[in-house]
Amino acid sequence: MKYFLPDEESLREIFGAYMDKGLRFEMKPDSYFGCYALKVRFAEGSNASPVLPLYPDKMQTPEAAQQWLEHLRDEQLAMITRGLVG
């Protein structure tokens, strides 16, 4: 199965407002989810590093991958960072 993973440009396009506030996104295999995931890095010295799963069934086409990343941004990341970006 094809698995479309975002590149730096795609991450900037989707998560740019968060990146501008200092968040960084690291894509890596995640054994808990059994797939790739985006690890969200907050400011230097922060112990908080939420992980957002990139499930293969959500990432089969570039369009589906973008839709899933937007969902993660609008639902999951928005809850985690409430008040950070507005």
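All residue numbers refer to positions in the sequence shown, counting from 1.
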Output side-chain donor-acceptor pairs under 3.5 Å for residues 63-71, partner residues at least two apart or in another chain, one line each.
residue : atom : partner : partner atom : Å
Gln66   : NE2  : Glu70   : OE2          : 2.9
Trp68   : NE1  : Pro53   : O            : 2.8

Taking the side chain as every heavy atom from C-beta outward, state whether [X] and [Y] have any pair of such atoms under 4.5 Å apart.
X	Y	result
Pro50	Gln76	no
Leu72	Leu54	yes
Phe42	Leu23	yes
Leu52	Val40	yes
Leu38	Phe15	yes

Is there a path from Phe4 to Tyr55 through hydrophobic residues (I, L, V, M, F, W, Y) whose side chains come within less than 4.5 Å of each other?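 Unlinked, Phe4 and Tyr55 end up in two clusters.
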Nearest non-hydrogen partners of Thr81 and Leu77, listed with the distance: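 Looking at all heavy atoms of both residues, the closest pair is OG1-O, 2.7 Å.
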Could you give all pairs that pass the salt bridge (Lys or Arg N to Asp or Glu O under 4.0 Å) test and reach residues 3-12, with sequence neighbours left out?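 Qualifying pairs, neighbours excluded: Arg12-Asp20.
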Per-pair distances, 0.1 Å, donor-acceptor, side chain in residues 24-31, under 3.5 Å, sequence neighbours excluded:
residue : atom : partner : partner atom : Å
Arg24   : NH1  : Met19   : O            : 3.1
Glu26   : OE1  : Arg41   : NE           : 3.3
Glu26   : OE1  : Arg41   : NH2          : 3.1
Asp30   : OD1  : Tyr32   : N            : 3.0
Asp30   : OD1  : Phe33   : N            : 3.0

Around atom OH of Tyr36, are there more than 12 heavy atoms from other residues, nucleotides or ligands closer than 6.0 Å?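 Counting other residues, nucleotides and ligands, OH of Tyr36 stays at 12 neighbours or fewer.
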What's the separation between atom CG in Asp57 and atom OH in Tyr3, rounded to the nearest 0.5 Å?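 It comes to 9.0 Å.
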